S.K.: 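One structure, as structure tokens, below. Some questions next.
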Protein chains: 2
Amino acid sequence: MPKDRPPTRIQKKNRAAILEAALEVFSAHGFRGATVDQIANQAGLSKPNLLYYFPSKDAKFTALMSELLDTWLDPMREIDAEGDPLEEILAYVQRKLQMSRDFPRESRLFANEIVQGAPRMLDALSTDLRVLLEEKEAVLLAWMAAGKINQTHPKHLMFSIWALTQHYADFDVQVRMLMEGEDPFDAAPEFLETLYRRMLTPKS
Amino acid sequence: MPKDRPPTRIQKKNRAAILEAALEVFSAHGFRGATVDQIANQAGLSKPNLLYYFPSKDAKFTALMSELLDTWLDPMREIDAEGDPLEEILAYVQRKLQMSRDFPRESRLFANEIVQGAPRMLDALSTDLRVLLEEKEAVLLAWMAAGKINQTHPKHLMFSIWALTQHYADFDVQVRMLMEGEDPFDAAPEFLETLYRRMLTPKS
DNA sequence: GTTGGATTTGACCAACTGGTCAAACTCACG
DNA sequence: CGTGAGTTTGACCAGTTGGTCAAATCCAAC
């Protein structure tokens with residue numbers, strides 16, 4: 001437990017290594033299923049050394065979550081109320097899909113936690129996510145009122161985007177098993193674009 | 001370990017109680033996160049007594065999975081190649097949605113397992129589910145070829161139905177937190193019907 | 001190089017885990 | 001009843017888990 005000073009070179013390196021290892025292990029086994037030994041092993045450090053940088057298993061998990069939540073919500077923040085409605089939504093879907101392809105461990109980390117009732121995350125979600133969703137819900141409602149996109153339930157629309165895009169990361173093993181070698185991310189972008197285009201394009 | 005006889009009254013009752021308790025606990029914490037003590041407690045039996053009916057934690061889990069998998073896949077089996085294509089698909093979506101509402105623990109049990117790589121389930125999935133999906137994929141392709149529904153990627157279409165409907169069970173806490181008391185299952189049926197109707201209705 | 005804080009670890013601990021076992025108890029049936 | 005199979009459990013065990021701690025080592029600045 002070093003003093004309250006700017007982090008040293010070693011501190012930066014080891015903290016990063018620990019969080020990377022924690023992501024690997026927590027995302028694969030969930031909080032309870034993961035062991036500190038596994039994380040230590042993955043990070044190439046001894047167990048007491050991990051406890052030197054983060055005082056408990058909980059602290060590691062919490063640090064990881066708060067570091068990732070912001071990044072995780074970025075694609076939604078980028079939805080621009082001034083942009084073209086349909087294109088903004090389609091771009092959001094593609095950003096989320098890319099997150100699932102490029103950061104599947106992060107997706108599974110959140111999925112694991114939420115499926116099990118989010119006991120360590122509900123607070124963060126009920127502030128950050130809730131506020132963000134309400135903001136974008138208002139944007140969607142405005143677009144619908146202006147006839148730019150079809151009328152629909154804005155919250156369920158957002159849920160559907162999360163469900164469809166995260167499914168490719170969270171259920172990766174199942175999807176890949178059923179696609180027999182073919183990469184799901186080859187066809188998914190087009191599939192989702194078509195789906196939301198048909199769903200949202202206003203009737204002429 | 002009783003002999004190989006027809007199960008007694010007590011055996012039936014206790015096996016059922018154990019599997020019910022196992023469903024409750026495994027679905028809430030995943031396999032590794034669940035403890036035999038928790039299950040025993042939930043079932044109102046002693047730990048050694050559980051081990052008398054199922055020789056290990058693994059055996060309980062496996063028995064539970066194989067009991068539930070068939071039921072879980074039933075909605076897909078009911079898709080009728082002879083029925084009206086669009087209505088068959090819409091009805092399938094509604095059946096899956098009802099499963100999420102009425103059997104959320106079952107959904108979360110599978111979700112937990114698959115998110116973590118399905119180490120104890122991949123075999124069952126890669127036979128039962130794979131065969132069933134390929135059968136229904138052929139049906140969908142026939143419907144598309146006949147112009148009854150829009151052309152699209154049949155596997156991704158099925159994935160989308162699973163993702164959208166199971167999301168309401170698997171991410172229940174998040175969905176309910178964001179809906180602030182309103183029941184997600186009030187609006188979900190209509191939302192999903194509209195979505196798939198717009199997606200699949202052939203252009204005139 | 002010396003020195004003082006930063007870093008690392010081997011040894012250890014109490015709590016918990018899945019599982020065993022012999023002994024006790026219960027129950028259906030003759 | 002009684003009797004034998006079916007059922008239940010308290011006590012126990014070895015392995016694992018998250019976490020502690022004093023001692024050893026490293027490293028940057030003087």
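Just so it is clear, the structure is predicted and the values come from calculations on it, not from any experiment.
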S.K.: Is the Lys NZ or Arg CZ of A/R101 less than 6.0 Å from the centre of A/Y168's six-membered ring, within 45° of the axis?
M.R.: no
S.K.: Send over the distance from A/H29 NE2 to D/dT17 C1', rounded to a whole Å.
M.R.: 15 Å
S.K.: Whole angstrom is fine here: how far is it from NZ in B/K13 over to P in D/dG6?
M.R.: 17 Å
S.K.: May I ask you to decide if A/R198's main-chain N or O and A/T201's side chain share a donor-acceptor pair within less than 3.5 Å?
M.R.: no
S.K.: Could you tell me whether B/R15 sits above the aromatic face of B/F54, with NZ or CZ closer than 6.0 angstrom to the six-membered ring centre and within 45 degrees of the axis?
M.R.: yes
S.K.: Counting only side-chain N and O atoms of A/N14, is one of them less than 4.0 Å from OP1 or OP2 of C/dT8?
M.R.: yes
S.K.: Rounding to an integer number of Å, can you tell me how far B/N41 CG sits from D/dT9 C1'?
M.R.: 15 Å
S.K.: Just N and O in the side chain of B/Y52: are any of them under 4.0 Å from OP1 or OP2 of D/dT8?
M.R.: no
S.K.: Let me know the distance between OH of A/Y53 and P of C/dA6, rounded to the nearest Å.
M.R.: 11 Å
S.K.: For A/E78, does the CD atom sit with more than 12 other heavy atoms under 6.0 Å from it, leaving out its own atoms?
M.R.: yes
S.K.: Which whole-number value in Å describes the distance from A/L50 CG to D/dG19 C1'?
M.R.: 12 Å
S.K.: Under 4.0 Å: is that the gap between some side-chain N or O of A/Q11 and OP1 or OP2 of C/dA6?
M.R.: no
S.K.: Take nucleotides 10-27 of chain C nucleotide by nucleotide from the 5' end and write B, S or -, depending on whether a protein heavy atom sits under 4.0 Å from the base, only from the sugar-phosphate, or from neither.
M.R.: B------SBBBB------
S.K.: So, for B/F31 and A/H29, is the gap between ring centers shorter than 6.0 Å?
M.R.: no
S.K.: Go through the structure and list residues passing ring pair (Phe, Tyr, Trp, His ring centres under 6.0 Å) with A/W162, not counting sequence neighbours.
M.R.: A/F159
S.K.: Measuring to OP1 and OP2 of C/dT7, would you say a side-chain N or O of A/N49 lies under 4.0 angstrom away?
M.R.: no
